[in-house]
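Counting convention: from 1, in listed order, for ligands and their atoms alike. Heads up: numbering here begins at 1 and tracks the sequence.
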Amino acid sequence: MTRLERGETAKLLRSLRRGDRRALSRAITMVENDEPGADALMASLKGGPGRAFILGVTGPPGTGKSTLVDRLVQKYRGADLKVGVIAVDPSSPITGGALLGDRVRMSDLALDGGAYIRSMASRGWAGGLSRATSRAMRLLDEAGYDLVIVETVGIGQADIDVVGVAHAVLVVLMPGLGDDVQVSKAGLMEVADAYVVNKSDLDGADSMVVDILAMVKATEGRSPPVLKVSALKAEGLDRLAAVVDSFRSRLSSGDEEMKLRSTKGMIVELAKAVALQRLLLGSETRLARLAAAVLKGELSVEEAARKLAG
Ligand SMILES: Nc1nc2c(ncn2[C@@H]2O[C@H](COP(=O)(O)OP(=O)(O)OP(=O)(O)O)[C@@H](O)[C@H]2O)c(=O)[nH]1
Ligand SMILES: [Mg+2]
């Protein structure tokens, strides 16, 4: 990096720390597009994430995650916290439409100086998404946000990786999802610190709660709370906020385990990206040689993969 570039990075960081939203947006765009300079920008942030509490919100498509996030933003803005939201645009065309709705719904909040809403696209390879979102979370932390909420549709491993970086994760469900298969199959159970059964204004919320309680009891030693809310009717939100506050206070009272979990998650996601890039970009000739050996019957695919990774 040249001296000029170093100077620019430092200037951008100074503006971002002062609360300049344009500098924040610029920095997030840099990491989203993986622009030259993004690595240096991030590397200049020493220490782990500092004060922001990072809340992951995930769950099957259409369960009301964005509506709920909207309510949480309102609530915490009311308490004068600075709140940042990262909504991960699913690359899937199925749910892509709903996100346009998100933007419309969240636009009022975006006008408020203490709330920053940003949607990030999951373009490119899967590892790029969790790296970009991890970095964006770190930037919001650096910019002095008290609460950072990251919303993903919990349908794939990439989404689970994204929320794995959070200090705590809400898994949002709704009545009528059928059995618990969606939850356990999608890997949502492992990441849930609390379950939210949203749309309690619809039939079947109570039995959904019973089902989840049974599922949780059957599988784990942990017992994450199961909350019944209606984001639409603003019911049950106080209890939800109390649960979120209990997670927040764990962090602010210096809970090492929680801090470690998030920092470890960030390191792993960044390392995965570096490792994958190295694997795919740095060893093209080696890969070609290994593939040729497999085709000649000298190696199995398994052996070739181990050699490539090793
Ligand atoms: N009846 C009822 N509908 C709700 C509630 N919360 C959200 N919805 C509706 O459910 C639909 C989906 O809401 P979103 O908040 O976009 O859901 P989402 O989980 O963010 O959706 P994706 O991001 O596409 O997965 C919208 O039509 C909401 O108005 C609720 O508490 N009750
Ligand atoms: Mg949404």
Exercise for the section: May I ask you to check whether Lys199 has an N/O atom sitting below 3.5 Å from an N/O atom of ligand 1? Expected result: yes

Problem - Asp201 atom CG: more than 12 heavy-atom contacts under 6.0 Å - result: yes

Problem - Distance-only N or O hit between ligand 1 and Val229, under 3.5 Å - result: no

Handout entry: Metal site the Mg ion (ligand 2): N/O/S of Ser66 inside 2.8 Å
Key = yes

Exercise for the section: With heavy atoms only and a cut-off of under 4.0 Å, state how Asn198 meets ligand 1: side chain, backbone, both or neither. Expected result: side chain

Problem - Within reach of ligand 1, part of Leu232 (heavy-atom separation under 4.0 Å) - result: both

Handout entry: Sub-3.5 Å N/O-N/O distance, Lys233 and ligand 1
Key = no

Completion exercise
Restricting Glu151 to its N/O/S atoms, the closest one to the Mg ion (ligand 2) is OE2

Exercise for the section: For Arg286, look at atom CZ and say whether over 12 heavy atoms of other residues, nucleotides or ligands are found less than 6.0 Å away. Expected result: yes

Problem - Ser66 versus Glu151, side-chain donor and acceptor atoms under 3.5 Å - result: yes

Exercise for the section: With rounding to the nearest 0.5 Å, note down the distance linking CE in Met266 to OG in Ser262. Expected result: 4.5 Å

Problem - Atom pair CG/CG of Asp70 and Leu232 - distance to nearest 0.5 Å - result: 11.0 Å

Problem - No-hydrogen, no-angle side-chain donor-acceptor test under 3.5 Å, Thr29 and Glu32 - result: no

Handout entry: Distance-only side-chain donor-acceptor flag, Ser230 / Ser200, under 3.5 Å
Key = no

Exercise for the section: Using a strict 4.0 Å cut-off to heavy atoms of Ser66, name the atoms of ligand 1 that fall inside it. Expected result: 15 (O), 18 (P), 20 (O)

Exercise for the section: Would you mind running through ligand 1 and noting each atom that sits below 4.0 Å from a heavy atom of Leu202? Expected result: 1 (N)

Practice task
Have a look at Thr67, Thr63, Thr58 and point out the one with the heavy atom closest to atom 28 (C) of ligand 1.
Solution key: Thr67

Exercise for the section: Check whether any side-chain N or O of Asp193 sits under 3.5 Å from a backbone N or O of Val169 as a donor-acceptor pair, and report yes or no. Expected result: yes

Handout entry: 4.0 Å heavy-atom contact, Glu151 with ligand 1
Key = yes

Practice task
Report yes if Ala231 has an N/O atom closer than 3.5 Å to an N/O atom of ligand 1; otherwise report no.
Solution key: yes

